[in-house]
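Read the structure below first, then the notes.
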Amino acid sequence: MNCQNCHLNAGTQPWGNNYLAVQANYPKFRDRSGTLENQVKRVNDCFQRSLNGQALDSTDKAMKAILAYIAWVGQDVPKHYIPRGSGIYKLALLDRAADTLKGRKIFIEKCQTCHQKNGEGLLNDSGTAYTYPPLWGPASYNNAAGLFRISNLAGYVKYNMPFGVSYQNAQLKDEDAWDVASFINAMPRPSGDKTKDWPDIAKKPFDHPFGPYADPFTEQQHKFGPFKPIKKWKSTHNKKS
């Protein structure tokens, strides 16, 4: 896979996981690592998690090119400003758990034409890159990637899938996006290194599917929902603390 498989239209598409806010907001503190991260660290997270590959040295020619491109895309964004349409859209939470069986049906109807029956994706004619990326299996993103949180995948799917839609002409209902995201993330994929993630477990997101947690909810509920009780618990206990 490559960057374009997740950051659509070369990282410029609204709600398509774009780069617009990156230059203006890094370095920044991230709860996942518990550290102040620069862009090299963030890009390497993508290489190691979303691409299930290897990190690049900061002096590597490819890394320098990526950073230069990100700077160019975000050159007109004021410091610490996040333009509307940056990153991934945050969908409203369901009142129920996401349903993998409903998601499988949606995948068959809407997704497998491009991503193939077994989610293996479709390589280009020369076999050098994916025209449509694998959604599970050994070549897909690993379970330490941000898209393994179904709120991220559901928001991404809502305004970008099936191929050709946008936030201006979405096809899927919110619940369809949640359900198909749950199906995709229930399928097998590589395991990434999560040993140093979320050093403050109280800061784990509501849909981070790996314990331990500061709250009493199970990994199953953190992965598929319902999420409203988790968020309510966090809100109540954060106020108390």
Side-chain angles (χ1 to χ4, degrees), residues 1-26 28 30 39 42-53 62-63 65-92 103 106-107 109-116 119 121-124 128-136 139-141 145-181 184-185 205 207:
M1 291 198 294
N2 59 50
C3 306
Q4 169 78 10
N5 291 142
C6 295
H7 303 280
L8 301 179
N9 286 335
T12 65
Q13 183 160 310
W15 303 126
N17 209 8
N18 66 60
Y19 302 137
L20 294 179
V22 177
Q23 185 68 17
N25 288 277
Y26 277 82
K28 74 174 185 178
R30 299 188 74 221
Q39 288 188 38
R42 189 66 189 89
V43 169
N44 275 332
D45 266 359
C46 280
F47 273 98
Q48 294 174 296
R49 298 168 187 259
S50 300
L51 301 181
N52 195 41
M63 176 63 76
I66 290 168
L67 297 181
Y69 179 69
I70 289 173
W72 180 78
V73 170
Q75 63 185 314
D76 296 324
V77 179
K79 195 67 176 172
H80 306 305
Y81 180 70
I82 300 177
R84 178 170 169 77
S86 298
I88 296 174
Y89 188 79
K90 303 298 183 185
L91 286 182
I106 295 162
F107 177 83
E109 292 175 352
K110 297 287 188 178
C111 313
Q112 77 171 21
T113 299
C114 294
H115 295 285
Q116 304 300 293
L122 186 66
L123 286 164
N124 60 19
T128 56
Y130 280 99
T131 302
Y132 303 108
L135 299 183
W136 64 82
S140 188
Y141 57 90
L147 287 180
F148 196 63
R149 290 175 49 201
I150 69 167
S151 68
N152 286 337
L153 183 56
Y156 183 82
V157 166
K158 169 71 178 182
Y159 285 139
N160 298 289
M161 299 294 147
F163 183 73
V165 310
S166 71
Y167 73 98
Q168 297 165 314
N169 65 338
Q171 276 191 25
L172 298 179
K173 299 177 181 177
D174 284 11
E175 63 178 345
D176 294 337
W178 281 106
D179 289 337
V180 76
I184 291 167
N185 278 349
D207 59 342

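Reckoned from all heavy atoms, side chains included, excluding hydrogens, waters and symmetry mates.
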Ignoring hydrogens and geometry, is there a side-chain-to-backbone donor-acceptor pair from [X] to [Y] under 3.5 Å?
| X | Y | result |
| --- | --- | --- |
| Trp15 | Ser166 | no |
| Asn25 | Tyr81 | yes |
| Tyr132 | Thr113 | no |
| Asn5 | Tyr130 | yes |
| Asn124 | Thr131 | no |
| Tyr69 | Ala10 | yes |

CA sep, side-chain torsions, deciding dist, call: Leu91, Ser151, side chain to side chain contact (heavy atoms under 4.5 Å, CB included): CA-CA 7 Å; Leu91 286 182; Ser151 68; over 6 Å; no
How many angstroms lie between atom [atom1] of [X] and atom [atom2] of [Y], to the nearest 0.5 angstrom?
| X | Y | atom1 | atom2 | answer |
| --- | --- | --- | --- | --- |
| Leu51 | Met1 | CG | CE | 5.5 Å |
| Gln48 | Asn52 | CD | CG | 10.0 Å |
| Cys3 | Ile70 | SG | CD1 | 8.0 Å |
| Ile106 | Leu172 | CD1 | CG | 6.5 Å |

Salt bridge (charged side-chain N to carboxylate O under 4.0 Å, His left out) contacts touching residues 165-179 (sequence neighbours left out):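 Sorted pair list: Arg96-Glu175, Arg96-Asp179, Lys158-Asp174.
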Chi angles and distances behind the side chain to side chain contact (heavy atoms under 4.5 Å, CB included) call for Leu20, Val73: CA-CA 6 Å; Leu20 294 179; Val73 170; 3.7 Å; yes
Identified side chain to side chain contact (heavy atoms under 4.5 Å, CB included) partner of Pro162 from the options Gln171, His115, Glu109: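 Only one option passes, and that is Gln171.
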Result of checking Asp207, Val180, Leu153, Asn152 against Asn185 for side chain to side chain contact (heavy atoms under 4.5 Å, CB included):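 Of all the options given, the one that passes is Leu153.
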Between [X] and [Y], is any pair of side-chain heavy atoms under 4.5 Å apart?
| X | Y | result |
| --- | --- | --- |
| Tyr19 | Val77 | no |
| Gln23 | Gln39 | yes |
| Ile184 | Leu147 | no |
| Asn17 | His7 | yes |

Plane angle bin for Trp136 and Phe107 - parallel if under 30°, tilted between 30 and 60°, otherwise perpendicular: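 Tilted.
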Of all the heavy-atom pairs spanning [X] and [Y], show the shortest one and how long it is.
| X | Y | value |
| --- | --- | --- |
| Ala181 | Ala154 | CB-N, 3.7 Å |
| Pro134 | Ala139 | CG-O, 3.4 Å |
| Asn2 | Ala129 | ND2-CB, 3.7 Å |
| Gln13 | Asn18 | O-ND2, 2.9 Å |

Heavy atoms from other residues, nucleotides or ligands near CZ of Phe163 exceed 12 (cutoff 6.0 Å):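 For Phe163, atom CZ is not crowded (no more than 12 foreign heavy atoms under 6.0 Å).
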Pair Asp45-Arg30, side chain to side chain contact (heavy atoms under 4.5 Å, CB included): steps then yes or no: CA-CA 12 Å; Asp45 266 359; Arg30 299 188 74 221; 3.6 Å; yes
Working for side chain to side chain contact (heavy atoms under 4.5 Å, CB included), residues Tyr26 and Leu67: CA-CA 11 Å; Tyr26 277 82; Leu67 297 181; over 6 Å; no
